Amino acid sequence: MELRELPKVLRSVLTGVGGYLPERVVTNDELAQIVDTSDEWIRERTGIARRHRAAEGEATSDLAVAAASKALAAAGRTAADVDLIIVATTTPDLTFPATAAIVQRKLGAPIGIAFDVQAVCSGFVYALSVADGLVAAGRSKCALVIGAEVMSSLLDWTDRGTCVLFGDGAGAVVVEPREGEGTTADRGLLGFALRCDGTKQDLLYADGGPSSNRQVGLLRMLGNQVFRHAVVNISEAISAAATDAGVAVADVDWFVPHQANLRILQGVAHRCGIDEVKVVTTVAEHANTSAASIPLALDAAVADGRVQPGQLLLLEAMGGGLTWGACVIRF
Ligand code: UT7
């Protein structure tokens with residue numbers, strides 16, 4: 001009798017990455033003309049030098065489509081192949097339908113699954129983990145996971161404590177199933193850890209919403225309190241994600257963190273024993289683009305040749321909720 005081979009493990013492999021930044025660049029000096037701040041303060045406290053701002057009429061879905069098109073081209077796929085779209089965003093085009101549905105229409109992708117994930121700055125890590133659940137279960141052959149934000153639309157331009165910190169942009173990855181051996185040598189998403197502590201809502205939130213006051217609201221943050229939680233929380237999630245993946249943090253080739261503040265990502269790297277040369281930083285050029293910041297940073301590191309197929313990546317983020325999380329991927 002012929003023995004049938006046991007089915008191997010399905011892994012969710014990142015096959016293409018793309019990013020998009022709006023054309024307009026806003027410098028710290030420009031912001032110093034509208035609020036009481038300075039280039040020196042912003043650089044020293046955050047590492048931010050400039051950020052991009054979406055043009056009038058440029059919506060989150062437009063940024064998402066631009067990034068997704070590049071990711072599809074990098075993967076050698078077209079919109080016709082896409083059967084799942086997840087957009088992580090805090091700044092949807094409309095309250096509904098989901099921005100993912102608008103992206104599907106604008107891309108010309110066929111009928112499939114499309115929805116948004118709302119976990120604020122942690123959105124991309126959350127969305128990737130959700131996509132993994134579908135891709136690794138064989139329910140999607142070609143998924144787009146996109147982080148896209150027009151954060152400038154949520155900012156209070158009279159609040160110097162927040163308006164200098166954020167930028168607009170989008171990043172996308174194509175995720176496809178590939179057979180693996182079930183070992184840490186497999187390409188794909190190997191492990192993750194997601195967290196939320198809803199009792200910390202008041203530290204970072206928007207003061208509006210359809211069912212509370214029928215408004216969009218503006219971003220409110222107690223920055224120094226969020227800062228205090230960040231390093232400790234993120235470090236714990238990193239350790240849990242590494243354990244889930246079965247790897248040691250020391251084995252990671254590239255650390256691709258959420259880009260909120262240079263001091264936070266350096267603090268996390270230090271606490272987790274990650275060498276500074278392995279840290280991908282784009283915060284100086286992009287500022288905090290919320291759910292877009294990780295895929296934008298990944299895109300930058302893939303584009304300049306730092307990140308190579310087969311390397312081990314560690315992603316982490318923290319944002320409103322409070323939410324936070326980390327994931328380990330063999331690229
Ligand atoms: O991605 C979502 C997660 N968000 C974050 O991770 C953000 C976390 N927080 C941070 O990155 C930092 O807390 C900030 C960059 C927001 C602030 O830095 P800080 O070192 O924690 O400053 P602070 O909030 O304790 O404020 C220190 C001083 C205050 O003045 P006084 O009270 O000491 O007179 C602020 O009013 O700095 C003042 N300040 C500013 N000064 C000039 C706050 N914002 C500004 C500004 N320019 N833009």
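Note that the coordinates shown come from a computational prediction; the quantities given were computed from them, not determined experimentally.
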Legend entry - Gap separating the CD1 atom of Ile329 from the CG atom of Leu314, nearest 0.5 angstrom: 9.0 Å
Legend entry - Within 6.0 Å of CD in Gln225, more than 12 heavy atoms from elsewhere: yes
Legend entry - Gly319 versus Ser122, closest heavy-atom pair with distance: N-OG, 3.4 Å
Inset, instruction - Quick one: closest heavy-atom pair of Ala292 and Ala170, and the distance? - result: CB-CA, 3.8 Å
Inset, instruction - Could you tell me the separation between the CG atom of Leu144 and the CG atom of Leu107, rounded to the nearest 0.5 Å? - result: 6.5 Å
Legend entry - Sidechain-backbone polar pair: Arg263 side chain, Arg45 backbone, donor-acceptor under 3.5 Å: yes
Inset, instruction - Using a strict cut-off of less than 4.0 Å between a Lys/Arg side-chain nitrogen and an Asp/Glu carboxylate oxygen, indicate whether Glu236 and Arg195 qualify as a salt bridge. - result: yes
Inset, instruction - Would you check if the side chain of Asp186 reaches a backbone N or O of Gly182 as a donor-acceptor pair within less than 3.5 Å? - result: yes
Legend entry - Value rounded to 0.5 Å, distance of CG in Asn224 from CZ in Arg228: 5.5 Å
Inset, instruction - Give the cluster check for Ile274 versus Leu298: same hydrophobic cluster or not, with ILVMFWY residues linked at side-chain heavy-atom distances below 4.5 Å. - result: no
Legend entry - Exercise: do Asp168 and Ser152 side chains pair donor with acceptor under 3.5 Å: yes
Inset, instruction - Assess the side chains of Arg51 and Asn288: does a donor N or O sit below 3.5 Å from an acceptor N or O? - result: no
Legend entry - Exam field: side chain Asp159 to backbone Leu155, donor-acceptor pair closer than 3.5 Å: no
Inset, instruction - Using a strict 4.0 Å threshold on nitrogen-to-oxygen distance, state whether Arg24 and Glu30 make a salt bridge. - result: yes
Inset, instruction - Starting from the C-alpha separation in whole Å, work towards a yes-or-no answer on side-chain contact (heavy atoms from CB on, under 4.5 Å) for Val125 and Leu194. - result: CA-CA 8 Å; Val125 173; Leu194 303 177; 3.7 Å; yes
Legend entry - OG1 on Thr282 to CG on Leu21, rounded to 0.5 Å: 9.0 Å
Inset, instruction - Answer with yes or no whether the hydrophobic clustering places Trp324 together with Val249; edges join I, L, V, M, F, W, Y residues whose side-chain heavy atoms lie under 4.5 Å apart. - result: yes
Inset, instruction - Check whether any side-chain heavy atom of Val283 lies under 4.5 Å from a side-chain heavy atom of Asn261, and answer yes or no. - result: no
Inset, instruction - Flag yes if Ile146 and Met151 sit in one hydrophobic cluster, no otherwise; membership is Ile, Leu, Val, Met, Phe, Trp, Tyr, and two members link when side-chain heavy atoms are under 4.5 Å apart. - result: no
Inset, instruction - Report whether Val103 and Ile86 are members of the same hydrophobic cluster (ILVMFWY, side-chain heavy atoms less than 4.5 Å apart, transitive linking). - result: no
Inset, instruction - Using modelled atom types only, decide if a donor and an acceptor are shared between the side chain of Asp207 and the backbone of Leu218 within a distance under 3.5 Å. - result: yes
Inset, instruction - Please round to the nearest 0.5 Å and tell me the distance separating atom CZ of Phe331 and atom CG of Leu14. - result: 6.0 Å
Legend entry - Same apolar cluster (I L V M F W Y, side chains within < 4.5 Å links), Phe115/Leu128: yes
Inset, instruction - Using side-chain hydrogen bond (donor to acceptor under 3.5 Å, both in side chains) as the criterion, point out the one residue from Thr37, Asp39, Thr46 that pairs with Asn28. - result: Asp39
Inset, instruction - Step by step, work out the side-chain contact (heavy atoms from CB on, under 4.5 Å) result for Val268 and Ile238. - result: CA-CA 9 Å; Val268 170; Ile238 284 175; 3.5 Å; yes
Inset, instruction - Give a yes or no answer on whether the side chain of Arg160 reaches the backbone of Asp36 with a donor-acceptor pair at less than 3.5 Å. - result: yes
Inset, instruction - Please check if any side-chain donor atom of Ser293 sits under 3.5 Å from a side-chain acceptor atom of Gln259, or the reverse. - result: no
Legend entry - Flag for Thr60-Thr91: side-chain donor and acceptor within less than 3.5 Å: yes
Legend entry - Salt bridge flag under 4.0 Å for residues Arg50 and Glu285: yes
Legend entry - Value rounded to 0.5 Å, distance of CG in Leu154 from CG in Leu219: 6.5 Å
Inset, instruction - Begin from the C-alpha positions of Thr15 and Arg178 and carry the test side-chain contact (heavy atoms from CB on, under 4.5 Å) through to its verdict. - result: CA-CA 10 Å; Thr15 57; Arg178 296 277 188 271; 3.6 Å; yes
Legend entry - Salt-bridge present (Asp202, Arg220; N to O < 4.0 Å): no
Inset, instruction - Kindly indicate, with the supporting measurements, whether the criterion side-chain contact (heavy atoms from CB on, under 4.5 Å) is fulfilled by Val9 and Glu181. - result: CA-CA 6 Å; Val9 177; Glu181 302 293 333; over 6 Å; no
Inset, instruction - May I ask you to decide if Val280's main-chain N or O and Trp254's side chain share a donor-acceptor pair within less than 3.5 Å? - result: no
Inset, instruction - Check whether any side-chain N or O of Lys70 sits under 3.5 Å from a backbone N or O of Tyr20 as a donor-acceptor pair, and report yes or no. - result: no
Inset, instruction - Cation-pi check, Arg53 to Trp157: give yes when NZ or CZ is under 6.0 Å from the six-membered ring centre and within 45° of the ring axis, no otherwise. - result: yes
Legend entry - Main-chain N/O of Ala230 paired with Asn233 side-chain donor or acceptor, under 3.5 Å: no
Legend entry - Under 3.5 Å donor-acceptor, His52 side chain and Pro22 backbone: yes
Inset, instruction - Run the salt-bridge test on Lys141 and Asp83 with the 4.0 Å N-O cut-off and return the result as yes or no. - result: no
Inset, instruction - Report yes if the side chains of Leu322 and His229 come closer than 4.5 Å at any heavy-atom pair, otherwise no. - result: yes
Inset, instruction - Check whether any side-chain N or O of Glu149 sits under 3.5 Å from a backbone N or O of Thr90 as a donor-acceptor pair, and report yes or no. - result: yes
Inset, instruction - Before accepting this row, confirm whether a basic side-chain N of the pair Lys200/Asp197 lies closer than 4.0 Å to the acidic partner's carboxylate O. - result: yes
